[in-house]
Amino acid sequence: MRLLEHSYEAPAENLALDEVLLDEAEAGRVDETLRFWTSPVPFVVLGLSQAIDGHVLREACERDGVPILRRCSAGGCVLQGPGCLNYSLILRTDRPGCETIHASYRSILGAVARALQALGSPVQPAGISDLAVGGKKVSGSAQRRRKRFFLHHGTLLLDFDIALCSRYLKEPLDQPDYRARRDHESFISNLDLGVLPVSASVSSVFQAHTKTSINRDTESEVRSLVEVKYARHDWIFRA
């Protein structure tokens, strides 16, 4: 599997690259890929079909200059930024254990959990798309599926300022059972692990050893997708 470690400073470009990688795989230009990335700034990202006013404290975000964006995958609204390690997997839909969305969550989250357990963290899959330690969420994930490939991307909280969640996000109405109606700060926790050991262990579990980089065509597609989609008001405010 290809291993790509590529981060942009702009959150919108990071989201766009995930979708471009999925498009490239679906078009037959690349094969399975594991990407790691981080953001130097906090930002809010909505799931594909979520309404902003139901999830985001917009005035606080606007006051503090925190971008509000929307990704191409489903799932819930999250805040991320410094202290988060994002991983993105572009996988074949016929990969064993990934033929259906629920099976793929079990397979992928089980693999990521094993990678973190190898570093001494007692992490376990929780809910449909989370990882947790002691009943506290340390990772969430979402998917976008096409015919031949799908994107599974998630965030691993390593050293994130969790208090920011209550500043910029409303408490979600739709919650996994294991949350037990806890507020953000009571429900979310950090793994307290380093970026390098985590990325190395996750890469090993997925046998992602072929280091790669993005080319000019990919860079161009990212810029174009940001312009026509991720930076557009009608995309962000679509729901």
Side-chain angles (χ1 to χ4, degrees), residues 1 3 5 7 18 32-39 42 45 47 71 73-91 95-98 100-143 150-166 169 171-172 174-209:
M1 183 185 296
L3 174 61
E5 296 175 312
S7 302
D18 276 357
E32 293 186 322
T33 303
L34 169 61
R35 175 196 175 203
F36 292 107
W37 62 275
T38 58
S39 173
V45 58
R71 61 181 182 266
S73 59
C77 178
V78 297
L79 177 75
Q80 56 174 279
C84 299
L85 175 63
N86 294 277
Y87 71 96
S88 308
L89 285 157
I90 309 296
L91 301 176
R95 170 183 268 259
C98 292
T100 67
I101 187 168
H102 290 294
S104 64
Y105 273 119
R106 289 193 298 270
S107 175
I108 293 167
L109 294 180
V112 176
R114 291 194 300 274
L116 299 173
Q117 290 163 6
L119 299 175
S121 178
V123 64
Q124 296 291 335
I128 295 174
S129 56
D130 296 346
L131 295 172
V133 173
K136 289 192 172 185
K137 180 179 177 179
V138 296
S139 176
S141 56
Q143 290 189 9
F150 70 99
L151 163 67
H152 175 107
H153 52 187
T155 302
L156 298 165
L157 304 181
L158 304 183
D159 186 25
F160 183 58
D161 186 355
I162 293 168
L164 294 178
C165 294
S166 297
L169 301 181
E171 297 293 336
D174 185 15
Q175 301 183 1
D177 291 341
Y178 84 99
R179 181 165 181 151
R181 312 309 299 179
R182 287 175 287 174
D183 62 21
H184 292 303
E185 293 185 49
S186 300
F187 175 57
I188 302 170
S189 183
N190 281 304
L191 284 162
D192 295 321
L193 295 171
V195 170
L196 292 180
V198 170
S199 58
S201 191
V202 173
S203 298
S204 179
V205 164
F206 287 100
Q207 298 182 3
H209 304 306

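For K136, the salt bridge (Lys or Arg N to Asp or Glu O under 4.0 Å) criterion is met by no residue, not counting sequence neighbours.
Here ring pair (Phe, Tyr, Trp, His ring centres under 6.0 Å) pairs that include residues 104-136, with residues two or more places apart or in two chains, are Y105-H152. Here ring pair (Phe, Tyr, Trp, His ring centres under 6.0 Å) pairs that include residues 108-141, with residues two or more places apart or in two chains, number zero.
Using a 4.5 Å heavy-atom threshold, the side chains of V202 and F36 count as touching. Taking 4.5 Å as the limit, some side-chain heavy atom of L109 sits within range of a side-chain heavy atom of S141. Counting only heavy atoms from C-beta outward, the side chains of V198 and L119 approach each other to under 4.5 Å. Using a 4.5 Å heavy-atom cutoff, the side chains of V123 and V138 are in contact. With a 4.5 Å cut-off on side-chain heavy atoms, P82 and P42 count as touching. Residues L79 and V45 have side chains not in contact (no heavy-atom distance under 4.5 Å, counting atoms from C-beta outward). Between V133 and L116 there is no side-chain heavy-atom pair separated by less than 4.5 Å. Between L3 and H209 there is no side-chain heavy-atom pair separated by less than 4.5 Å.
With hydrogens and angles disregarded, no donor-acceptor distance shorter than 3.5 Å links the side chain of S107 to the backbone of S104. Between the side chain of Q207 and the backbone N or O of S204, no donor-acceptor pair lies under 3.5 Å. For the pair S186 (side chain) and D183 (backbone), a donor-acceptor distance under 3.5 Å is absent. For S139 (side chain) and D130 (main-chain N/O), no donor-acceptor pair under 3.5 Å exists by modelled atom type. Proximity of a side-chain donor or acceptor of R182 to a complementary backbone N or O of R179 within less than 3.5 Å is detected. The backbone N or O of Q117 sits nowhere less than 3.5 Å from a side-chain atom of S121 that would complete a donor-acceptor pair. Judged purely by atom type and a 3.5 angstrom limit, N190 uses its side chain to pair as donor or acceptor with the backbone of F160. No donor-acceptor pair closer than 3.5 Å links the side chain of Q124 to the backbone N or O of L131. Here the side chain of R71 pairs a donor or acceptor atom with the backbone of A74 at under 3.5 angstrom. For S7 (side chain) and T38 (main-chain N/O), a donor-acceptor pair under 3.5 Å exists by modelled atom type.
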**Item:** Verdict with supporting geometry, S166 and E185, side-chain contact (heavy atoms from CB on, under 4.5 Å)
**Value:** CA-CA 7 Å; S166 297; E185 293 185 49; 3.7 Å; yes

**Asked** Are I108 and L91 close enough, and set up right, to give a side-chain contact (heavy atoms from CB on, under 4.5 Å), and what steps lead you there?
**Response** CA-CA 10 Å; I108 293 167; L91 301 176; 3.8 Å; yes

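With respect to the salt-bridge test (charged N to carboxylate O, under 4.0 angstrom), the residues E171 and R181 do not qualify.
Contact detail for R114 and V205: the closest heavy-atom pair is NH2-CG1, 4.5 Å.
Atom OG in S199 sits 13.5 Å away from atom CZ in R35 (nearest 0.5 Å). To the nearest 0.5 angstrom, L151 atom CG is 4.5 Å from I90 atom CD1.
Neither side chain, Q143 nor S73, offers a donor N or O lying under 3.5 Å from an acceptor on the other.
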